[in-house]
Amino acid sequence: MSGEKEYFVTLAPKKVNMYVCGITAYDVCHLGHARSAIVFDIIKRYLRYRGYEVTHVRNITDIDDKIIARAARENISTGEVAKKYTDEYYRDMDLLGVSRADIEPNATDHIQEMIETIKVLVEKGYAYPLDGDVYFEVGRFPGYGKLSKKNPDDLLAGARVNIDERKRSPLDFALWKASKEGEPAWESPWGRGRPGWHIECTSMASKYLGESFDIHGGGADLIFPHHENEIAQGEAYSGKPFVKYWMHNGFITVDKEKMSKSLGNFFTIKEILDKYEPEVVRYFLLSAHYRSPIEFSDVQLNEAELSIDRYYTTVIRINDFIESAGAKEKVEGASELEDLLSGFKDKFLNAMNDDFNTASALGYIFELIREVNRFLDGRPSGQKAKDLVLRTRELLAEIGGVLNIFNKTPEEWYRSLMKVKKIDLSESDLEDKILERQKAREAKEWAAADRIRDELAEKGVILEDKKDGTAWKIRAG
RNA sequence: GGCGACGUACCCAAGUGGCUAAGGGGGAGGUCUGCAAAACCUUUAUUCAGCGGUUCGAAUCCGCUCGUCGCCUCCA
């Protein structure tokens, strides 16, 4: 609310009540929806990791103008439209590794609650019925504009055309809308109609999280008017502060412009996941701070893929070492690694405690990656070296777990890359080729061996000769 | 027009008053290797859009200028 970072103090000790605006189920999701979902998924995971008991509510709007329009166009019911795109949404979220919220309410299951809220607002004089609609009277709520830092007078001055003359003020917004013939409708004290968009979040958030709760999140485009209106409704209703901390994720941009439905410059999650591993998308989104705009491009996604590949390549080295390390104690240059290991967790926590700075956290992960590689380059052996490397692997896995990345085995990673890059080669064919090349190498027929390697490289498969055999990877980036 | 955010290397990106300006990608050189790949090492910002100011000290605070974007209408 202050527009600045603040110390995080929960309303109840160690408990966090968090509401995040979900989707309106009228079309498939694009990357912007993914960002919001992933950002708040990480926030929830991190708070839980830190020992908070988090109740996460994420709504699904299943009745609104766009759903009605789509239903009319496709000649199906609004319920069918909402169901279809809710299913698509869950499919996308599952692929992206976004966990479910604890409560995922639909608007249409809470019509009664909304009617009750509106009734109270009317009784308290904050809202007025008008020809079957009900409007919130913005002028009656003194704090209006405090979240978006807008002055109601400026808003009035800048008001665009299409002003509804019946309203007491152009800023007044609908709590309840009378239904037209053939539209979905519910009985209410003001006649048959349906709820306005803003009221559902206020009613449902209050129902599940209380009249005041800790965190409310969503995309930055919801600040005004949606969240401003939620505050007006919630605080007019209860007389209490509605939300303690507002958190808004920044936009995804394409050529510096906001990715959006209306501009048509969007990429659906489905399209992106056809070309990139879900983990790559997650990493990409975590590589910038959640409030910053982030430019979508293939270059960026490829860089994310390379970064993740660097991680898994190191995991392979670590695993190889742990399996094959000799017993003879040889530990050189371990002090740097030991230092880094002992300070690593604090660095990670500090980064995340500072407004969930995932980009900084990822930086620390790669510092550790470089150090463990350096350590392994010294060809260490023995139990002490093993313990150190094991500790590194565990620490990396723990932190990766919080961010929900880096949680595959390297084998899974490369199989997954193989699939997403549509490499036309079975694993057994690949093994055969490697064997064939192995024979050539043993016979020191380098040209033949190189030919096989080049042939595979052309398909995007990279061979790595190690002392006990040849491993394959898929070229990232 | 009103309000707001941002501008850090070739690209992406952390850093918001004080040790050598994280990290990733890319470039150049090197070590290792049959050759590669991977990894590592060295190097690539005496400088943080520009100009002023505050301060012992600023990329970091303040002012102005330039540029980019967002919100003010549905939007993650």
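Just so it is clear: chains get the letters A, B, ... in the order the sequence lines come, proteins before strands, and each one is counted from 1.
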* **Rounded P spacing from C75(B) to A59(B) in Å** => 42 Å

* Heavy atom of residues 447-455 of chain A under 4.0 Å from RNA chain B: which residues? -> D450(A), R453(A)

* Report the residues that fulfil side chain to side chain donor-acceptor pair (under 3.5 Å) with E104(A), sequence neighbours left out, ordered by chain and then residue number. => R58(A), Y90(A)

* Distance between C1' atoms of U46(B) and A21(B) (Å, rounded) -> 11 Å

* Taking CG from L337(A) and P from A39(B), how many angstroms apart are they, rounded to a whole number? -> 17 Å

* **K347(A)/E367(A) ion pair, N-O < 4.0 Å** => yes

* To do: Would you give a per-nucleotide map of nucleotides 65-71 of chain B, 5' to 3', where B means the base has a protein non-hydrogen atom under 4.0 Å away, S means only the sugar-phosphate does, and - means neither?
  => ---SSSB

* Taking side chain to side chain donor-acceptor pair (under 3.5 Å) as the test, write out the residues that go with D172(A), two or more places apart. => Y128(A)

* Hey, does the side chain of N373(A) come within less than 4.0 Å of C40(B)'s phosphate (OP1/OP2), counting only N and O? -> yes

* To do: Considering only atom P, compute the distance from C71(B) to G27(B) and round it to an integer number of Å.
  => 37 Å

* To do: Quick one: list whatever passes side chain to side chain donor-acceptor pair (under 3.5 Å) with E137(A), sequence neighbours left out.
  => R168(A)

* Rounded off to whole Å, could you give me the CD1-to-P distance for the I365(A) and A14(B) pair? => 15 Å

* Salt bridge present between R317(A) and D377(A) (N-O < 4.0 angstrom) -> yes

* Please give, in whole Å, the distance from G7(B) P to H289(A) NE2? -> 13 Å

* Asked: Any side-chain heavy atom of Q233(A) sitting closer than 4.5 Å to one from F173(A)?
  -> yes

* To do: Ignoring hydrogens and angles, answer whether the base of C35(B) and the side-chain atoms of D465(A) contain a donor-acceptor pair closer than 3.5 Å.
  => yes

* Please determine if R475(A) and D309(A) form a salt bridge, counting it only when a charged side-chain N lies under 4.0 Å from a carboxylate O. => no

* Looking only at non-hydrogen atoms, find the nearest pair between I38(A) and L285(A) and report the distance. => CD1-CD1, 3.6 Å

* Go along nucleotides 22-29 of chain B 5' to 3' and tag each nucleotide: B for a protein heavy atom under 4.0 Å from its base, S when only backbone or sugar atoms are that close, - otherwise. => BSBS----

